[in-house]
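Working notes, structure below.
Proteins come first, then strands; the chains are lettered A, B, ... in the order of their sequence lines, and each starts at number 1.
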There are 2 protein chains.
Amino acid sequence: MSAEERRESVIRAAVVEFGRAGYVGTTTASIARRVGVSQPYLFRLFPDKRAIFLAAARHSIERLRRQFEEATEGLGPQEAHDAMCRAYFPMISDRSDLLFQMQMYVAVSAREAEGDEEFASEIRALWAEMWDGIQGRLGGDPVLTRDFFGIGMLINVTLSMGFPEGHRVWDTLNVFDYFSGAEGDGSGAAG
Amino acid sequence: MSAEERRESVIRAAVVEFGRAGYVGTTTASIARRVGVSQPYLFRLFPDKRAIFLAAARHSIERLRRQFEEATEGLGPQEAHDAMCRAYFPMISDRSDLLFQMQMYVAVSAREAEGDEEFASEIRALWAEMWDGIQGRLGGDPVLTRDFFGIGMLINVTLSMGFPEGHRVWDTLNVFDYFSGAEGDGSGAAG
DNA sequence: CTCGAAACTTATTGACCGATCACTAATCTT
DNA sequence: AAGATTAGTGATCGGTCAATAAGTTTCGAG
């Protein structure tokens, strides 16, 4: 297998492992084990653990961005909002991507507190880019944007805390029941 | 200082330190340093690091719960929603509590992946209790509940990622401009 | 003052982890 | 086939960190 192919499989494994245990809590050995290579070999493919995490972050954000763009092709703001909420549910079933996002958010503040400003600003830049893309698809509407990201983040948190399917906390998140039903009365509490 | 008083100051320090660097990334030495005691002495006050984190979680969740309850005393659902959104802003200025919440969310999945089911279920129970309390204050309205928690979680994430005040991501979160502006002109809001 | 308990420290250890080094095996090139 | 480049491994090391053990200081009651 070529180094480039290996690098990609390392990134995929890293999303899973970092998503599970976080930046500090994940050992390079566990990533290597998942890839099926020896632990020292990771350092031939990447300069250090930090670079693996950053590559995983780039991969994960880009993947989300693409999924939301595909889900909203040619739709107006409100339809795009609904389509993106719907697009969230397939992501829940393979939780690793969303769990990684959570770990990414907290890793930013942690690394920044340790002086790694470059780490923080790169992830912020990538994420802000995704934010802009989504806000564009929502016609620049700030309420729709906040509403979508709010639902998304609440799903991420609920998932990360491991509330089982069917728990009452998930009830309000079953967006199929509420989010487009509010369109009729136009009161806008849900967006 | 009595052991009980020390224990409380350890908890306060733990919220700050764990909020900064997460469960694994925080050293007991850093907590001890912030308290002003030696690192081994923490283990006279608590059985292990895990117990310190759990105590901090109990403290943090309880604190949030109380703040939201005080902010909504005697208010109807919609007013309570607005009041709680407003109550979020003082919490932003001393970020440690909200950062700790984020770290708590991801710690649950991490510890659970390592077999610590008790850790996970205790934090879930505490948080679900807070959820119930808030949903009660919102008259049981699932849309208001989801909307409030969505805004809250989005604020937590934005804060954790360190987006500076005034960044365009914060614009949609300036709830004073939007959340009750659905009534009409919305020009009278003060940022 | 004194004595015991409670508060607190210094020294240390065993386990773990990121990273390096030196090496081997396979594949490509001419 | 010889040489060179590429993929990959085993051994190990320096540093870090949670936790333990054993000791010292502070303080309040009699």
Are more than 12 heavy atoms from other residues, nucleotides or ligands located less than 6.0 Å from atom CD of B:E117?
->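 Above 12, so yes.
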Atom-to-atom span, [atom1] of [X] to [atom2] of [N] - whole angstrom:
{"X": "A:E17", "N": "C:dC17", "atom1": "CD", "atom2": "P", "answer": "12 Å"}
{"X": "B:I31", "N": "C:dC8", "atom1": "CD1", "atom2": "C1'", "answer": "18 Å"}
{"X": "B:E4", "N": "C:dC8", "atom1": "CD", "atom2": "P", "answer": "13 Å"}

Side chain B:T145, main chain B:Q135, donor-acceptor under 3.5 Å =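 Flag not set: sc B:T145 to bb B:Q135 has no pair under 3.5 Å.
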Counting N and O atoms only, with roles assigned by atom type, does the side chain of B:R6 sit under 3.5 Å from a partner on the main chain of B:M1, one being a donor and the other an acceptor?
->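 Checked: no pair found.
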Drop me the distance from B:M91's CE to B:N156's CG, to the nearest 0.5 angstrom.
->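 Separation between the atoms: 9.5 Å.
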Please report the C-alpha distance between A:E122 and A:R111 in whole Å, then the side-chain angles of each, then the deciding distance to 0.1 Å, and finally whether the salt bridge (charged side-chain N to carboxylate O under 4.0 Å, His left out) criterion is met.
-> CA-CA 12 Å; A:E122 170 162 2; A:R111 298 290 311 174; over 6 Å; no
When every nucleotide of nucleotides 8-22 of chain D is labelled 5' to 3' by its protein contacts under 4.0 Å (heavy atoms), B for base, S for sugar-phosphate only, - for none, what sequence of letters results?
-> BBBB-----SBBB-B
